[in-house]
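Chain naming here is simple, since letters A, B, ... match the order of the sequence lines and numbering starts at 1 in each. What's counted below: heavy atoms across the whole structure, side chains too, no hydrogens, waters or symmetry copies.
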There are 2 protein chains.
Amino acid sequence: MTTTVEFIEKLRNSGLRPTKQRIKICEVLFNKETTFHFTINDLVKIIEKEANEKISLATVYNTIHAFEKKGYLKEIPIDANQSYFDTNVTDHHHFYDISEKKLIDLDQVDVGPINIKKSVPGKKIKSVEVLVKLDTDNQ
Amino acid sequence: MTTTVEFIEKLRNSGLRPTKQRIKICEVLFNKETTFHFTINDLVKIIEKEANEKISLATVYNTIHAFEKKGYLKEIPIDANQSYFDTNVTDHHHFYDISEKKLIDLDQVDVGPINIKKSVPGKKIKSVEVLVKLDTDNQ
DNA sequence: AATTATATTAAAACCATTCTAAACTGTTGA
DNA sequence: TCAACAGTTTAGAATGGTTTTAATATAATT
Ligand SMILES: [Mn+2]
Ligand SMILES: [Mn+2]
Ligand SMILES: [Zn+2]
Ligand SMILES: [Zn+2]
């Protein structure tokens, strides 16, 4: 359980003004038992359900992008149709259930260390992410 | 060097009629020294340059999707803005150069074997892909 | 050659995302 | 305290990659 005061601090520390809308988005994103994956559409629906208010799409996009830039959220590339975001910002990997269109976290320990034995001159590795696609198992 | 006759066979074997447009797309995609990565926009530009003909966007999309379904092409999820395709359909991984927006192949041997130590009941692993994001190295 | 199935095309529609510009709210310092 | 400024929200328009449409054309089958 995180308090509103803490969200306000979190926002202030990242140079974001603590507005009513941003605090509500914080509550929906960060005041949960577990981390989760979502699309913007998912998020808008959750906000409408939890609060009985609407936050404009532009504000949702702006805030999500601000949080992403600040490292409060990660974007997970799955397919080219829409963006998937993750409130789990630790280094981890994913299962992607193709039929359910759902992401499932894979811890570092579930995958084991990955040692990239190749490098590109003048470039450094920023992230290493494994995506494991899952299909229905028909024996 | 692959001949037109071979492309026609390839298309026929996959239940696709060998039309002038599909053969041209085959030439652009598969009659190359090396495999490569492309967006639909890239492809349209290459076609316009190599052939002096235009193939409608709808046909390009339809054909690329047919090839993808047949396993002649792979789609690589990078970001949610547009689709990236790959003429290298072997199991392999990628560097993604963020500033250049370019994909670079990583062979299995460059990454090493990946053993997923977790499973989801009723689901089987369809693919395991590693995406290594690269940043400019400012010392 | 006639018939049927499939493909191509230009244009419209779709839809996630971004932009716009006017109204609003938070912050600051006189 | 409050005016002035900076930052934010909003509805709606615009954008741009992708898909759909439906008319026309081409390929395959008879
Ligand atoms: Mn983003
Ligand atoms: Mn596709
Ligand atoms: Zn995750
Ligand atoms: Zn590749």
Side-chain angles (χ1 to χ4, degrees), chain A residues 4-5 7-28 37-48 51-70 72-73 75-85 101, chain B residues 4-5 7-28 37-48 51-70 72-73 75-85 101:
Chain A
T4 303
V5 175
F7 292 140
I8 292 176
E9 267 325 292
K10 194 174 186 177
L11 288 165
R12 279 236 172 77
N13 287 338
S14 346
L16 296 173
R17 285 186 179 175
T19 62
K20 187 163 66 89
Q21 292 82 352
R22 281 175 182 159
I23 290 165
K24 171 49 66 189
I25 293 173
C26 277
E27 283 167 5
V28 170
H37 308 99
F38 64 94
T39 64
I40 295 292
N41 208 3
D42 294 339
L43 183 57
V44 167
K45 278 186 199 144
I46 296 170
I47 292 168
E48 287 178 5
N52 271 13
E53 302 167 53
K54 295 207 198 315
I55 299 178
S56 78
L57 255 189
T59 295
V60 174
Y61 274 103
N62 289 342
T63 305
I64 291 307
H65 286 147
F67 285 165
E68 189 194 355
K69 189 175 271 180
K70 289 294 171 188
Y72 288 165
L73 291 174
E75 189 168 2
I76 311 295
I78 297 297
D79 69 69
N81 303 320
Q82 71 190 139
S83 291
Y84 282 76
F85 295 92
K101 298 193 180 194
Chain B
T4 302
V5 174
F7 291 138
I8 292 176
E9 266 326 292
K10 194 174 186 174
L11 289 165
R12 279 237 172 74
N13 287 338
S14 348
L16 295 173
R17 285 185 179 176
T19 63
K20 186 162 66 86
Q21 291 83 350
R22 281 176 182 160
I23 290 164
K24 170 50 64 188
I25 293 172
C26 277
E27 284 167 5
V28 170
H37 307 100
F38 65 93
T39 64
I40 295 291
N41 209 3
D42 293 339
L43 183 57
V44 167
K45 278 185 198 146
I46 297 170
I47 291 168
E48 285 178 7
N52 272 12
E53 301 168 55
K54 295 206 197 318
I55 299 177
S56 78
L57 255 189
T59 296
V60 173
Y61 274 102
N62 288 340
T63 306
I64 292 306
H65 286 149
F67 285 166
E68 190 195 354
K69 189 174 272 180
K70 288 295 169 187
Y72 287 167
L73 291 174
E75 190 168 2
I76 312 294
I78 298 298
D79 68 70
N81 303 319
Q82 70 190 141
S83 291
Y84 282 75
F85 294 93
K101 297 191 180 197

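In this entry the distance linking CG of B/N81 with C1' of C/dC15 reads 14 Å, nearest Å. Between B/L16 atom CG and C/dT8 atom P the separation is 9 Å, expressed in whole Å. When the C1' atom of C/dA7 is taken as reference, atom CD1 of B/I64 falls 15 Å away, rounded to whole Å. Following rounding to the nearest Å, A/K24 (NZ) and D/dT9 (P) show an atom-to-atom distance of 15 Å. One interatomic measurement links the two molecules: CD of B/E68 to P of D/dT19, which rounds to 10 Å at whole-angstrom precision. D/dG17 atom P lies 17 Å from atom CG of A/D79, rounded to whole Å. Atom CD1 of B/I40 and atom C1' of D/dT19 are 12 Å apart (whole Å). We find that CD1 of A/I23 is positioned 14 Å from P of C/dT25, with the value rounded to whole Å.
Closest approach to the B/T63 side chain among C/dT8, C/dT17, D/dT18 is made by C/dT8 (side chain taken as heavy atoms from C-beta onward).
The salt bridge (charged side-chain N to carboxylate O under 4.0 Å, His left out) search around B/K10 returns none, not counting sequence neighbours. For A/K20, the salt bridge (charged side-chain N to carboxylate O under 4.0 Å, His left out) partners two or more places apart in sequence, or in a different chain, are A/E53. Residues meeting the side chain to side chain contact (heavy atoms under 4.5 Å, CB included) test with B/D42, sequence neighbours left out: B/F38, B/T39. For the salt bridge (charged side-chain N to carboxylate O under 4.0 Å, His left out) test, no residue two or more places apart in sequence or in another chain qualifies with A/E9. Residues passing the side chain to side chain contact (heavy atoms under 4.5 Å, CB included) test with B/A80, sequence neighbours excluded: A/E75, A/S83. By the side chain to side chain contact (heavy atoms under 4.5 Å, CB included) test, B/K54 is found to be paired with B/E48, residues two or more places apart in sequence or in another chain being considered. Partners of B/K45 under the salt bridge (charged side-chain N to carboxylate O under 4.0 Å, His left out) rule, at least two apart in sequence or in another chain, do not exist in this structure. Residues passing the ring pair (Phe, Tyr, Trp, His ring centres under 6.0 Å) test with A/Y72, sequence neighbours excluded: A/F67.
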At under 4.0 Å between heavy atoms, which parts of nucleotides 23-30 of chain D does protein reach? Answer with one letter per nucleotide, 5' to 3': B base, S sugar-phosphate only, - none. ----BS--
Can I get a per-line list of side-chain donor-acceptor pairs under 3.5 Å for residues 55-64 of chain A, giving both atom names and the distance, sequence neighbours left out?
from	atom 1	to	atom 2	distance (Å)
A/S56	OG	A/T59	N	3.3
A/S56	OG	A/T59	OG1	3.2
A/N62	ND2	A/A58	O	3.2
A/T63	OG1	A/T59	O	2.8

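Within the 4.0 angstrom heavy-atom criterion, no nucleotide atom of any strand lies near B/N41.
In this structure, A/K24 and A/I47 have side chains that are in contact, with non-hydrogen atoms separated by less than 4.5 Å.
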Heteroatom pairs (N/O) under 3.5 angstrom, protein to nucleotides 10-16 of chain D:
from	atom 1	to	atom 2	distance (Å)
D/dT10	OP1	A/Q21	NE2	3.2
D/dT10	OP2	A/S56	N	3.0
D/dT10	OP2	A/S56	OG	3.4
D/dT10	OP2	A/T59	OG1	3.2

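The two atoms that bring A/L11 and A/P18 nearest to each other are CD1-CA, 3.8 Å, heavy atoms only. Taking both residues in full, the closest heavy atoms of A/K101 and A/Y84 are given as O-OH, 3.7 Å, listed atom of the first, atom of the second, then distance.
Applying the 4.0 Å criterion to OP1 and OP2 of D/dG17, one finds that B/T39 has every side-chain N and O outside that range. In this structure, B/Y61 reaches the D/dT18 phosphate: one of its side-chain N or O atoms is under 4.0 Å from OP1 or OP2. Regarding contacts with the backbone of D/dT19, a side-chain N or O of B/H65 is found under 4.0 angstrom from either OP1 or OP2.
Each end of the helix from C/dA1-D/dT30 to C/dA30-D/dT1 gets its own rotation axis from five pairs of C1' atoms, and the angle between them is 20° to the nearest 10 degrees.
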